[in-house]
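Only one structure is covered here, and it is reproduced in the block below.
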Amino acid sequence: MRVAALIPAAGSGTRLGLGPKAFVEVAGRSLLGRSAAALAPHVAEVLVALPAGLNLPGDVPARAVTGGDTRQASVLALLRATDAEVVLVHDAARPFLPGAVVGAVIAAAREVGAATAALPVADTLVRAGPGGDCGTLWGTLTPREGLWAVQTPQGFRRDLLLAAHGAALADGFAATDDAGLIARTGGAVRLVPGDARLFKVTTPGDLALAQALAPTWDGQVWDAGGA
């Protein structure tokens, strides 16, 4: 099955405050460039959804399409721009992507139809309670057993994901990721062990961590043998 990687990168990056987040540089290379380069060896093509009027930076090995007003709309535009049988959907803001994770997600998507990288939750979870003048207070403890934090890439048979997007569009339904759209239609989504280095650059603190990690990442083969 032919595989394509889809990167929705039409967001504004308001929480980071540095303009379109995909174009923010980490150690001399854009987040988008790093993510596309990590995916390119494993797929037949990489497609990127960009805001109207923007062009791909020169360090991005990909083909661009115009994105939509939402992430969901951008992914749908990307799906319509490829005829690959299997697609990977990946956040541009997750630049440190081990090849072993890419390979595992592709294999699971081919077998099951849908899969996502994810990590079991390790932290204590608590729902905040009413704080009043005291500010945010400890509320209800939430057991973490069986909970996973979802990452990307997520992999799908393209026909299944197109159908899930079509159903969501018809119903006016919005999900935070594409695996959620598959689950909404009753489809199975396999959880594939991800990697702690697959964190999403969202805040200035995340960007500082990425800047510190980048030189080490560039200088080592962390997943010997690849996918």
Side-chain angles (χ1 to χ4, degrees), residues 1-9 21-22 26-27 29-48 60-62 71 75 78-79 82 84-123 146-158 160-161 176-183 187-202 206-207 209-210 212-227:
M1 293 184 182
R2 187 167 175 268
V3 183
L6 314 180
I7 305 178
K21 184 164 58 175
V26 170
R29 189 169 197 184
S30 69
L31 294 173
L32 176 57
R34 289 178 176 275
S35 293
L39 288 162
H42 307 279
V43 298
E45 62 175 346
V46 179
L47 290 82
V48 178
V60 181
R71 182 187 187 280
V75 173
L78 289 164
L79 284 169
T82 183
E85 292 91 350
V86 173
V87 294
L88 295 176
V89 182
H90 184 62
D91 297 326
R94 298 183 190 270
F96 306 115
L97 175 55
V101 174
V102 179
V105 171
I106 291 173
R110 283 172 168 159
E111 181 181 351
V112 179
T116 183
L119 285 178
V121 172
D123 296 318
L147 296 181
W148 290 59
V150 175
Q151 301 178 317
T152 67
Q154 298 183 340
F156 310 92
R157 277 196 0 227
R158 177 174 169 270
L160 293 180
L161 188 55
T176 56
D177 69 2
D178 296 278
L181 295 181
I182 294 290
V189 180
R190 177 173 293 175
L191 299 176
V192 174
D195 195 293
R197 294 162 295 195
L198 259 174
F199 66 91
K200 189 175 183 179
V201 177
T202 302
D206 300 328
L207 182 59
L209 180 59
L213 183 58
T216 305
W217 177 268
D218 289 342
Q220 296 183 22
V221 179
W222 287 10
D223 49 305

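Side chains included, hydrogens not; waters and symmetry mates left out as well; all remaining heavy atoms used.
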inquiry  = Applying salt bridge (charged side-chain N to carboxylate O under 4.0 Å, His left out) to Glu85 and Arg110, what does each step give before you reach the verdict?
reply    = CA-CA 9 Å; Glu85 292 91 350; Arg110 283 172 168 159; over 6 Å; no

Quick check: do [X] and [Y] have side-chain heavy atoms less than 4.5 Å from each other?
X: Ser35; Y: Asp91; answer: no
X: Arg158; Y: Leu79; answer: yes
X: Val46; Y: Pro61; answer: no
X: Val105; Y: Thr116; answer: no

inquiry  = What verdict does the side chain to side chain contact (heavy atoms under 4.5 Å, CB included) test give for Thr82 and Arg2, after you've listed the backbone C-alpha separation in whole Å, the side-chain angles of each residue and the deciding distance to 0.1 Å?
reply    = CA-CA 10 Å; Thr82 183; Arg2 187 167 175 268; 4.2 Å; yes

Looking at [X] and [Y], what are the two nearest heavy atoms and their distance?
X: Val201; Y: Asp206; value: CA-CB, 3.7 Å
X: Pro98; Y: Trp217; value: N-CH2, 3.6 Å
X: Val192; Y: Ala104; value: CG1-CB, 3.5 Å
X: Ala214; Y: Val26; value: CB-CG1, 3.6 Å
X: Ala27; Y: Arg34; value: CB-NH2, 3.5 Å
X: Ala9; Y: Val48; value: CB-CG1, 3.9 Å

Would you compute the distance between atom [atom1] of [X] and atom [atom2] of [Y] and round it to the nearest 0.5 angstrom?
X: Leu6; Y: Glu45; atom1: CG; atom2: CD; result: 8.0 Å
X: His42; Y: Leu97; atom1: NE2; atom2: CG; result: 7.0 Å
X: Leu209; Y: Phe199; atom1: CG; atom2: CZ; result: 4.0 Å
X: Asp195; Y: Gln151; atom1: CG; atom2: CD; result: 7.0 Å
X: Leu31; Y: Phe96; atom1: CG; atom2: CZ; result: 8.0 Å

request  = Could you walk me through whether Ile7 and Val60 pass the side chain to side chain contact (heavy atoms under 4.5 Å, CB included) test, one step at a time?
outcome  = CA-CA 11 Å; Ile7 305 178; Val60 181; over 6 Å; no

ask   = Would Val87 and Leu78 count as a side chain to side chain contact (heavy atoms under 4.5 Å, CB included) if you check the C-alpha gap in whole Å, the side-chain angles of each, and the deciding distance to 0.1 Å?
value = CA-CA 10 Å; Val87 294; Leu78 289 164; over 6 Å; no

ask   = Would you call Asp178 and Arg71 a salt bridge, taking side-chain N to carboxylate O under 4.0 Å as the test?
value = yes

note = Which of Leu39, Val102, Val86 passes side-chain contact (heavy atoms from CB on, under 4.5 Å) with Val3? It is Val86

inquiry  = Please evaluate residues His90 and Leu88 with respect to the criterion side chain to side chain contact (heavy atoms under 4.5 Å, CB included), reporting the C-alpha separation (whole Å), side-chain torsions for both, the decisive distance (0.1 Å), and the verdict.
reply    = CA-CA 6 Å; His90 184 62; Leu88 295 176; 5.7 Å; no

ask   = Between Arg197 and Leu213, is there a donor-acceptor pair closer than 3.5 Å when you use the side chain of the first and the backbone of the second?
value = no

